[in-house]
2 protein chains.
Amino acid sequence: MRLVIARCSVDYVGRLTAHLPMAPRLILMKADGSVSIHADDRAYKPLNWMNPPCTVREKPGEDGTSVWTVTHSKSGEQLILTIEEILHDSSHELGVDPGLRKDGVEAHLQELLAKHITTLGEGYTLIRREYPTAIGPVDILCRDGNGTTVAVEIKRRGEIDGVEQLTRYLELLNRDPTLRPVRGVFAAQEIRPQARVLATDRGIACVTLDYDALRGIKKDEMTLF
Amino acid sequence: MRLVIARCSVDYVGRLTAHLPMAPRLILMKADGSVSIHADDRAYKPLNWMNPPCTVREKPGEDGTSVWTVTHSKSGEQLILTIEEILHDSSHELGVDPGLRKDGVEAHLQELLAKHITTLGEGYTLIRREYPTAIGPVDILCRDGNGTTVAVEIKRRGEIDGVEQLTRYLELLNRDPTLRPVRGVFAAQEIRPQARVLATDRGIACVTLDYDALRGIKKDEMTLF
DNA sequence: CAGTGGATATCGTGT
DNA sequence: ACACGATGTCCACTG
């Protein structure tokens with residue numbers, strides 16, 4: 001990663017044509033070949049940029065300037081930087097990043113639903129989250145008001161896969177005499193029609209989760225179908 | 001603008017929950033208060049970030065680490081950076097950026113239409129682009145197949161303003177005996193109904209420009225109303 | 001209505 | 001079905 005602070009002007013010719021007048025800016029050149037030009041505002045969004053794959057050609061310009069031409073390898077788009085003065089220039093080896101782990105909506109929904117398990121219905125009690133089975137953990141195992149065991153599968157977007165997964169869990173759980181009978185609840189922020197049809201056909205209830213509501217603002221906005 | 005290269009781990013708690021394991025990264029702190037954490041790839045997109053308005057609190061952590069807590073002033077979202085080692089740290093005054101000037105679609109459309117002026121009709125010939133008048137340049141001045149002068153106003157989105165502008169040009173141009181009579185053509189990627197009505201009422205033809213078609217893929221896809 | 005800024009969402013693509 | 005990357009677009013907000 002190379003960090004350059006320089007007085008530069010920039011011209012972009014590609015999907016549109018754009019120009020940046022001469023001013024001091026950050027030029028961020030990453031190991032993936034990308035180049036982005038940042039001002040001291042606009043949060044993380046650069047003023048202009050070039051995505052990989054691209055190549056940088058550096059050559060002298062007029063009046064002692066230096067011209068960096070960044071060319072996109074496929075589209076031919078160009079970013080032309082005219083450098084008047086370099087105020088800082090440093091390079092750093094960062095290596096490959098382990099990357100972002102999103103505990104994301106699914107995990108968060110699970111946590112919230114476990115905490116507010118009665119949103120599934122009155123008298124519901126949590127048995128445990130991530131209830132282990134031979135084919136993987138069930139997101140939530142709980143009991144309804146009648147004491148019947150309920151297995152809950154949580155997804156951000158409920159699709160057929162999720163229904164199939166829950167079906168497998170239910171089949172397995174229903175072999176356990178201490179749990180049997182086990183009902184299924186398919187919970188997601190958004191449930192695709194096909195998934196809903198399949199779930200209903202298998203006697204699995206569908207619950208649409210309202211994330212904000214679950215976060216505790218208003219618990220009542222959860223709708224049960 | 002402060003540039004920090006540091007071994008850090010990051011936890012984000014907000015709209016979702018995310019974690020970044022300890023690794024060397026760029027921490028970009030802008031004058032607007034924003035903080036973004038970049039790996040050496042993914043083009044201009046940071047691994048994680050916090051938008052303004054936010055505040056940064058720096059305090060010692062365990063084992064000699066330093067913990068930077070970035071808190072969003074309104075939502076309370078937090079970005080927690082645990083810094084193990086600082087490899088680079090520099091600050092730079094950039095001042096306010098003059099900002100991006102998008103010559104954008106309009107200039108590009110003008111260029112393309114000038115190049116393919118016959119897309120307005122058979123026998124059309126270009127007089128010149130940016131034809132100067134006392135009240136500003138006319139985007140394109142050309143002649144149709146009959147030798148009649150035609151003034152073209154080009155916009156990305158055709159609104160009433162553009163029609164008014166073209167009307168003023170036409171009024172002026174029609175005073176010139178060497179050009180008179182001058183017809184008007186209002187060309188845009190998208191023309192608002194009101195603008196179209198006004199233009200038609202004034203005897204100005206409307207042309208919807210197909211950007212991709214003009215770019216030379218298929219010249220025929222331009223539609224004349 | 002025009003101009004600006006922000007998107008951890010959503011979409012599309014590829015596997 | 002899923003993961004990843006890109007949005008140079010789109011929308012919502014402001015004045």
Side-chain angles (χ1 to χ4, degrees), chain A residues 10-20 30 32-37 39 41-54 70 72 74-79 97 99-108 155-165 188-190 192 194-195 211-212, chain B residues 10-20 30 32-39 41-54 70 72 74-75 77-79 97 99-108 155-162 164 189-190 192 194-195 211-212 215:
Chain A
V10 183
D11 288 278
Y12 168 75
V13 181
R15 309 190 203 188
L16 52 75
T17 304
H19 175 75
L20 284 167
K30 289 191 175 184
D32 64 0
S34 63
V35 178
S36 49
I37 295 111
D41 60 1
R42 285 156 233 247
Y44 70 80
K45 181 105 185 201
L47 292 162
N48 217 328
W49 70 93
M50 186 64 79
N51 286 332
C54 62
V70 186
H72 193 262
K74 292 181 178 173
S75 65
E77 294 168 282
Q78 282 195 329
L79 205 58
D97 199 279
L100 188 71
R101 203 189 78 211
K102 288 190 185 182
D103 295 335
V105 177
E106 183 171 330
H108 205 192
K155 290 285 178 202
R156 192 169 73 99
R157 282 176 48 201
E159 309 200 3
I160 282 183
D161 276 14
V163 180
E164 295 289 8
Q165 194 181 341
Q189 281 190 289
E190 178 206 338
R192 292 292 184 94
Q194 296 173 2
Y211 187 74
D212 291 330
Chain B
V10 183
D11 288 278
Y12 169 76
V13 181
R15 311 192 198 188
L16 50 76
T17 304
H19 176 75
L20 284 166
K30 290 192 176 183
D32 64 358
S34 64
V35 178
S36 49
I37 296 110
H38 283 264
D41 60 0
R42 285 158 229 247
Y44 69 79
K45 182 104 188 202
L47 292 161
N48 216 328
W49 69 93
M50 186 64 79
N51 287 332
C54 61
V70 187
H72 193 263
K74 292 180 178 174
S75 65
E77 296 169 280
Q78 283 195 327
L79 203 58
D97 199 278
L100 188 70
R101 203 189 80 209
K102 289 189 186 184
D103 294 334
V105 178
E106 182 172 330
H108 205 194
K155 291 285 178 202
R156 193 169 72 100
R157 281 174 51 199
E159 311 200 2
I160 281 183
D161 278 10
E164 296 290 8
Q189 281 189 290
E190 179 205 339
R192 291 293 184 94
Q194 296 173 3
Y211 188 74
D212 291 330
R215 284 188 98 167

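In this text, all values refer to a predicted model and were calculated from it rather than measured experimentally.
Closest-nucleotide positions on DNA chain D for A/Q165 and A/L79 were compared, and the one nearer the 5' end corresponds to A/Q165.
The CH2 atom of B/W49 sits 9 Å away from the P atom of C/dA9 (whole-angstrom rounding). Distance NZ (A/K155) to C1' (D/dA3): 13 Å, rounded to an integer number of Å. The nearest whole Å value for the distance from the CG atom in A/N51 to the C1' atom in C/dG12 is 15 Å. The NZ-P distance, from B/K45 to D/dA3, rounds to 17 Å in whole Å. A/L100 places its CG atom 15 Å from the P atom of D/dA6, with the value rounded to the nearest Å. When the C1' atom of D/dT7 is taken as reference, atom CE of A/M50 falls 16 Å away, rounded to whole Å. Counting to the nearest Å, the C1' atom of C/dT8 and the OH atom of B/Y12 are 6 Å from each other. Atom P of nucleotide C/dA9 and atom CD of B/E77 are separated by 10 Å, given to the nearest angstrom.
Nearest heavy atom pair, residue B/A18 against residue A/L100, reads CB-CD1, 3.8 Å. Residues A/N51 and A/H72 share a closest heavy-atom pair of O-CD2, 3.2 Å. When all heavy atoms of A/G99 and A/D97 are compared, the pair lying nearest together is N-OD1, 2.7 Å. Scanning all heavy atoms of the two residues, the minimum distance from A/A188 to A/G158 falls at CB-N, 3.5 Å.
With both ends at atom P, the span from D/dA12 to C/dC11 equals 14 Å, rounded to whole Å. For C/dG12 and D/dC11, the P atoms lie 13 Å apart once the distance is rounded to whole Å. With P as the reference atom, C/dT13 and D/dC10 are 15 Å apart, rounded to whole Å. Going from the C1' atom of C/dT8 to that of D/dA3 covers 16 Å, rounded to whole Å.
Counting only distance, with no hydrogens or angles, the side chain of A/K30 and the backbone of B/A39 share a donor-acceptor pair below 3.5 Å. Remark: side-chain polar atoms of B/N48 are not paired, donor with acceptor, to backbone N or O of B/I37 under 3.5 angstrom.
Looking at heavy atoms from C-beta onward, A/M50 lies out of side-chain contact with A/S34 at the 4.5 angstrom threshold.
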Find every protein N or O atom lying less than 3.5 Å from an N or O atom of nucleotides 1-4 of chain C, and list the pairs.
unit_1: C/dA2; atom_1: OP1; unit_2: B/E159; atom_2: OE1; d: 2.4
unit_1: C/dA2; atom_1: OP2; unit_2: B/E159; atom_2: OE1; d: 2.7
unit_1: C/dA2; atom_1: OP2; unit_2: B/E159; atom_2: OE2; d: 3.3

